[in-house]
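Only a predicted model underlies this, so the values are computations on that prediction, with no experimental measurement involved.
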Amino acid sequence: MKKIFLAASLAALLPLLFSCGKVKENSNNFEEPRFIQYAGQLVMRGDIAPAAAPASVPVAAPAAVSVIEYIEFTESGLYVVGIRTDGETSYKAGKFTTTDGSVYACEGFGTVELSGSNPVNVTVKRNGGATEVLKADFKKAAGSNVAYRGWTVDKTRVTVYGFNTPASADFTGCNFQEIAKFLRDNGHEPGDVPSGSLQSVSFTGVGSIIFAYSDGTANVGECTVSGASVNFSWRSTTRVFVIEGGKATIDYLDGKCILKIDAKLKNSTTSGSVTFVMSPMA
């Protein structure tokens with residue numbers, strides 16, 4: 001049954017695509033992402049000084065020590081910052097703007113200024129915090145794969161196996177609570193389910209995959225895209241719901257990107273697939 005579903009997956013997506021509204025035929029010549037020349041990844045070098053606590057934090061109640069260990073700027077204007085706090089790394093995502101690739105204004109985070117050549121000097125001014133001066137290796141994004149951009153999640157199809165017949169459901173966007181209800185209604189227990197939704201998926205020219213969520217957090221992993229094949233693994237699985245790392249396929253139809261992942265519920269034996277129909281980020 002699983003092989004049958006895989007063979008028919010693209011055909012099965014046609015009603016899902018057309019339910020999004022009228023689409024142009026043969027519209028797969030995507031425009032070049034507007035920040036492609038400024039995209040890249042910063043990996044901090046050596047000992048990193050912890051960020052100073054904001055002035056509003058009382059001295060008698062010190063904040064947890066946090067350090068920036070990673071920053072990435074994507075081709076479509078999304079930034080991701082990896083912050084390690086007491087041994088745990090979390091990722092924050094949002095939009096950025098830049099005019100020349102030297103100063104990046106990161107919405108909801110602060111500014112990042114670059115100077116010099118590798119290792120580059122990185123000056124970070126967090127909103128409400130002190131200025132941090134760091135050194136990092138800056139890997140510029142490369143490659144011309146059409147996948148290397150951000151994709152907004154329009155529709156999601158979830159299929160689960162493990163009982164008499166597969167069960168499928170289509171969703172607008174990707175709301176975790178809605179998907180959890182579908183799983184429970186079909187005899188699958190998803191466990192702890194985060195609130196909110198998956199907003200976008202990014203593939204980058206430095207080999208990253210980024211899932212950005214509605215609450216401003218993100219999951220980041222390593223990724224390779226070769227033809228229709230995608231292989232990925234997460235750096236952290238603290239926010240992964242339904243999808244764990246593994247293999248996926250990617251295709252394009254009528255101006256949309258179709259990403260299909262064979263998935264397994266975290267901490268569960270339930271398997272299935274998740275298919276996203278996505279539009280290029282503006």
Side-chain angles (χ1 to χ4, degrees), residues 13 16-17 19-24 26-42 70-82 91-99 101 104-109 112 140-157 171-176 196-225 228 230 232 234 239-240 243 248-261 274-282:
L13 280 171
L16 185 63
L17 274 168
S19 68
C20 299
K22 186 177 181 180
V23 295
K24 298 179 182 179
N26 303 319
S27 56
N28 292 334
N29 295 320
F30 302 102
E31 293 183 3
E32 184 177 85
R34 60 184 181 136
F35 291 108
I36 189 170
Q37 67 269 41
Y38 305 126
Q41 181 185 86
L42 291 160
Y70 153 92
I71 302 175
E72 185 161 347
F73 303 106
T74 76
E75 290 82 346
S76 295
L78 185 77
Y79 77 86
V80 181
V81 179
Y91 297 94
K92 178 178 177 58
K95 295 180 179 179
F96 76 83
T97 59
T98 185
T99 57
Y104 296 77
C106 302
E107 184 179 294
F109 178 71
V112 179
K140 293 282 289 183
S144 57
N145 195 311
V146 68
Y148 294 162
R149 67 187 67 225
W151 301 95
T152 300
V153 177
D154 298 327
K155 298 281 184 178
T156 303
R157 168 167 289 173
F171 303 88
T172 299
C174 183
N175 181 281
F176 297 137
S197 60
L198 173 64
Q199 298 286 89
S200 66
V201 175
S202 296
F203 304 100
T204 78
V206 294
S208 294
I209 183 173
I210 300 165
F211 276 27
Y213 303 105
S214 57
D215 64 356
T217 64
N219 271 116
V220 178
E222 279 71 43
C223 179
T224 59
V225 180
V230 178
F232 66 99
W234 298 115
R239 276 299 309 263
V240 175
I243 299 170
T249 59
I250 196 168
D251 210 330
Y252 306 95
L253 180 66
D254 290 328
K256 304 287 185 180
C257 174
I258 303 164
L259 175 66
K260 181 177 181 294
I261 304 173
V274 181
T275 303
F276 300 113
V277 175
M278 308 183 293
S279 298
M281 290 176 62

Within-4.5 Å side-chain heavy-atom neighbours: Thr249 and Val230: no
Ile210/Asn219 under side-chain contact (heavy atoms from CB on, under 4.5 Å): CA gap, chis, key distance, verdict: CA-CA 6 Å; Ile210 300 165; Asn219 271 116; over 6 Å; no
Interatomic spacing from CZ in Arg157 to NZ in Lys260 - rounded to 0.5 Å: 10.5 Å
Criterion ring pair (Phe, Tyr, Trp, His ring centres under 6.0 Å) on Phe176 and Tyr213, from CA distance to verdict: CA-CA 10 Å; Phe176 297 137; Tyr213 303 105; 5.8 Å; yes
Test item: Tyr79 side-chain N/O and Glu107 main-chain N/O as donor-acceptor pair under 3.5 Å: yes
Tyr148 side chain vs Val206 backbone, donor-acceptor pair below 3.5 Å: no
Thr74 side chain to Glu72 side chain, donor-acceptor N/O pair below 3.5 angstrom: no
Contact summary for Asp154 and Lys256, nearest pair of heavy atoms: OD2-NZ, 3.0 Å
Pair Tyr38 and Phe73, ring centroids less than 6.0 Å apart: no
Residue pair Val112, Ile71: steps toward the side-chain contact (heavy atoms from CB on, under 4.5 Å) verdict: CA-CA 9 Å; Val112 179; Ile71 302 175; 4.1 Å; yes
Main-chain N/O of Glu31 paired to Arg149 side chain as donor or acceptor, under 3.5 Å: yes
CG on Asp251 to OG1 on Thr275, rounded to 0.5 Å: 11.5 Å
Minimum heavy-atom distance between Gly82 and Tyr91, given as atom pair plus value: CA-CD2, 3.6 Å
Minimal non-hydrogen separation, Leu78 against Ala212, with atom names: CD2-CB, 4.3 Å
Pairwise distance OG1(Thr152) to CG(Leu198) - rounded to 0.5 angstrom: 10.0 Å
Nearest heavy-atom neighbours spanning Gln37 and Lys140: O-NZ, 2.6 Å
Sidechain-backbone polar pair: Ser197 side chain, Asn175 backbone, donor-acceptor under 3.5 Å: no
Point-to-point distance, once rounded to the nearest 0.5 Å, from CD of Glu32 to CG of Asn29: 13.5 Å
Distance-minimising heavy-atom pair for Phe203 and Ala147: CB-O, 3.5 Å
Closest non-hydrogen atom pair between Ala218 and Ala93, with its separation: CB-CB, 3.8 Å
Residues Val81, Cys106; criterion side-chain contact (heavy atoms from CB on, under 4.5 Å); working and verdict: CA-CA 10 Å; Val81 179; Cys106 302; 5.9 Å; no
Polar contact flag, side-chain donor to acceptor under 3.5 angstrom, Lys92-Thr217: no
Sub-4.5 Å side-chain heavy-atom contact between Leu253 and Ile258: yes
Ser208 vs Gln41 side-chain heavy atoms within contact, under 4.5 Å: yes
side-chain contact (heavy atoms from CB on, under 4.5 Å) assessment of Trp151 paired with Phe276: CA-CA 10 Å; Trp151 301 95; Phe276 300 113; over 6 Å; no
Aromatic ring proximity, centroids under 6.0 angstrom, Phe96 and Phe109: no
Straight-line distance of Ser202 OG to Glu75 CD, nearest 0.5 Å: 8.0 Å
Met278 side, atom CE; Gln199 side, atom CD - distance, nearest 0.5 Å: 13.5 Å
